[in-house]
Structure formats: structure tokens, C-alpha cells
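Both backbone and side-chain heavy atoms feed into the values below; hydrogens, waters and symmetry mates do not. Only a predicted model underlies this, so the values are computations on that prediction, with no experimental measurement involved. In what follows, chains are A, B, ... by sequence order, proteins preceding strands, each numbered from 1.
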Amino acid sequence: MDITLNPADLTHTIAFYTLALTSIVAALIVVTAKRIFRAAVALAVVLICGAGFYILLNYDFIAGVQLLVYVGGIVILIVFAVMLTSSLESIEEPPSLGRKALGLFSSLAFLATAVIAFSETKFPLSSISAEQPKDVAKAVGRKLLDYGAGGYVLPFEVISLLLLASVIGAIVVARNPKRKNEGSAT
Amino acid sequence: MDKVEIYLPILIMVAVGALIATVLMGLSVLIGKRTRSKVKMQPYECGVDPVGDTKHPVPVKYYMVAILFIIFDIEVVFLYPWAVIYDSLGMFGFLEMLVFVAILITGYFYILGKGALKWD
């Protein structure tokens, strides 16, 4: 094995293993934390590490999106969901045997799917890194608004419909039915 | 390596922040005086005795705001790659984004119409 590493590769390797270790530890905390709020905070750490991986892969824009949407949005949403349903400091009861079995089954199924998917898929690393764009945001934009072959302008417009659907869905699901009754009664 | 140059300041800031928090909390544990009388351990709200339980569920309207924030957050994410290449796109890019934003504006007016952003 070649052990003469140049400094750039060394920093890269150190950064990668630091991030990998942090995300694994934080992921374990997410699963094992008794207090659900601590699990949410640990999830934020996992997602921040994910952004770090994107930076290591030179996808700075994707890392920014990860921070903006997942860390800044989804985790806040999870915290709100926790606050809505129970108190923040509530300690989860140990699950019943049936739920444990179900959890074991589904996590094993997911593990099997992931392992099969990773082993079956061929990752052409060299070709991707060779044609990796210098400015990711510009490349994404060009691909997104490209109406030629291989462009994504239709999916781009469909995304706005998807977001519209989620706006309406959010209102319909979370609308306070009590207020509606009050309105009809008066 | 320029990536190190870009992200080293961020790392230093994170490290300094963590250090300040650890040092300040550690110092207060180490050299602080600990008095554990009954009055001292009592919870307080600006000198007033607390009213009720602090552990109650939060109204659903906060969740509505959060979920709508995320949706428009994602919209901004799509605006960004469009904005950086706007110069080279011309009229077509402008119209595409106009359609995109128009569809989402419909959602915004739907929200306003349903009164989801009203606080009471």
C-alpha cells in the first residue's frame, strides 16, 4: 500500500473520518436517546455531517442546500412536531415486544435493501470526478433550465406544482377544524 | 488546497464558539459557589412564582408556519442556481422562472385566503 500521502489528501482523509465518526456516533444517539428532543438535536448533527460530506465531494451548493433545508428546516419541523404532540422533556416508554420485533424486521429489511443496492450498483467514480463542474450552482442551474435533450426544465416546472400541492396539503391537513365549526355556528 | 482556505475560518469559528461555551460553563462549575437551599432551587419567572405547568403542547399554528417556511425555503433553493446563470439565459429563463413563481404565488394566495397566516 502506498503510504506517501500529500498534505491535501491527508486533510481530506482526516476530515472524512472525523465526519464519518461524528455522524455514526450522532446517529446512534438519535436512535438510543431517551429524551426525544436530544434525538432531534443529534439528528441535526448527523445532517450537518452530511453537508460536510458534500463539501468534501466539492458540491458546495448541495451542502448549502442541505444546511438550509434539512438542518434549518426539517429539524425545526421535527422539534415543532415533538412540541405539538408531547412535552419536550418527555421520556419515551420502552416499546412493547411486538413493536420491537416490527422495528427489528423493518430495519433489517432496510439494511438488506441498502446492502444489495450498494453491491449491485456500479459507481463510476473516475468519470464523474473528471467531468465535475467547477461551479456547482451554475451547473445545476444550466441543467435545470436546459430544454434540450438531457435537460430538466419540465421536472423543474413540475417541482413548483409539487410545492403547490404540499402548500395546499399542509393547509388541509393542519387546518384547525374547531375554528371551522365555530364559523359555521355563528 | 483552496477548500481548506475556504473552510478553515468556519472551522476556527466553530472551535472558538465551542471553546468559549465549554470554558465558561466549566469555570462556573469549578469556581462557582454552590448553595442548594429550597428557595434557590425554586423555578422562577422574573421574580414571580411560576403559574401552571411549563410542559404543555404548543399550538398547531407554529407548525403551520414552520411547514410553510420549508416550502418557500425550497423555492428559494431553486431560485439560487437560476439566479447565478440569469445573464446567459435571456427571455426564456425569465419566463420559466415566472411560471415557476406564479404557480407558487397561487399557493401563497391560497394560504392567505384560508387565513393560515392569521395568528388568532
Inset, instruction - Using a 4.5 Å cut-off on heavy atoms from C-beta on, say whether the side chain of A:Ile168 contacts that of B:Tyr110. - result: yes
Inset, instruction - Decide yes or no for B:Val84 and A:Phe61: does some side-chain heavy atom of the first lie under 4.5 Å from some side-chain heavy atom of the second? - result: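 Sidechains of A:Phe61 and B:Val84: no contact.
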Out of curiosity, [X] [atom1] to [Y] [atom2], how far, rounded to the nearest 0.5 Å?
| X | Y | atom1 | atom2 | result |
| --- | --- | --- | --- | --- |
| B:Ser88 | A:Arg142 | OG | CZ | 5.5 Å |
| A:Phe156 | B:Phe100 | CZ | CZ | 4.5 Å |
| B:Met97 | A:Leu144 | CE | CG | 7.5 Å |
| A:Ile171 | B:Lys114 | CD1 | NZ | 8.5 Å |

Inset, instruction - Could you have a look at B:Val76, B:Ile67, B:Val101, B:Leu11 and say which one has the most heavy-atom pairs with chain A under 4.5 angstrom? - result: B:Ile67
Inset, instruction - For each of B:Phe72, B:Phe69, B:Tyr80, tally heavy-atom pairs with chain A at distances under 4.5 Å, and name the one with the top tally. - result: B:Tyr80
For the [atom1] atom on [X], are there more than 12 heavy atoms of other groups (residues, nucleotides or ligands in this structure) within a distance under 6.0 Å?
| X | atom1 | answer |
| --- | --- | --- |
| A:Phe53 | CZ | yes |
| B:Phe94 | CZ | no |
| A:Leu97 | CG | no |

Legend entry - Per-residue contact mode, A:Val158 against chain B (heavy atom under 4.5 angstrom): neither
Most heavy-atom pairs under 4.5 angstrom with chain B, which of [options]?
| options | answer |
| --- | --- |
| A:Ala137, A:Ser160, A:Gly141 | A:Ser160 |
| A:Ile76, A:Ile159, A:Val65 | A:Ile159 |
| A:Val140, A:Val167, A:Leu77, A:Leu164 | A:Leu77 |

Report which part of [X] has an atom under 4.5 Å of a heavy atom belonging to chain A: side chain, backbone, both, or neither.
| X | value |
| --- | --- |
| B:Tyr63 | both |
| B:Tyr86 | neither |
| B:Ile71 | both |

Hphob cluster co-occupancy, [X] + [Y], side-chain heavy atoms under 4.5 angstrom:
| X | Y | answer |
| --- | --- | --- |
| B:Leu8 | B:Val16 | yes |
| B:Met25 | B:Ile20 | no |
| A:Leu21 | A:Leu19 | no |
| B:Val65 | A:Val173 | no |
| A:Tyr70 | A:Ile29 | no |

Legend entry - Of B:Ile70, B:Ile74, B:Ile103, the residue whose pairing with A:Leu163 passes side chain to side chain contact (heavy atoms under 4.5 Å, CB included):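 By the side chain to side chain contact (heavy atoms under 4.5 Å, CB included) criterion, A:Leu163 pairs with just one of B:Ile70, B:Ile74, B:Ile103: B:Ile74.
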Inset, instruction - Anything under 30° is parallel, anything over 60° is perpendicular, the rest tilted; go ahead and classify A:Phe80 against B:Tyr62. - result: perpendicular
Inset, instruction - Quick one: do B:Tyr7 and A:Leu56 satisfy side-chain contact (heavy atoms from CB on, under 4.5 Å)? Show the steps, please. - result: CA-CA 11 Å; B:Tyr7 290 103; A:Leu56 284 182; over 6 Å; no
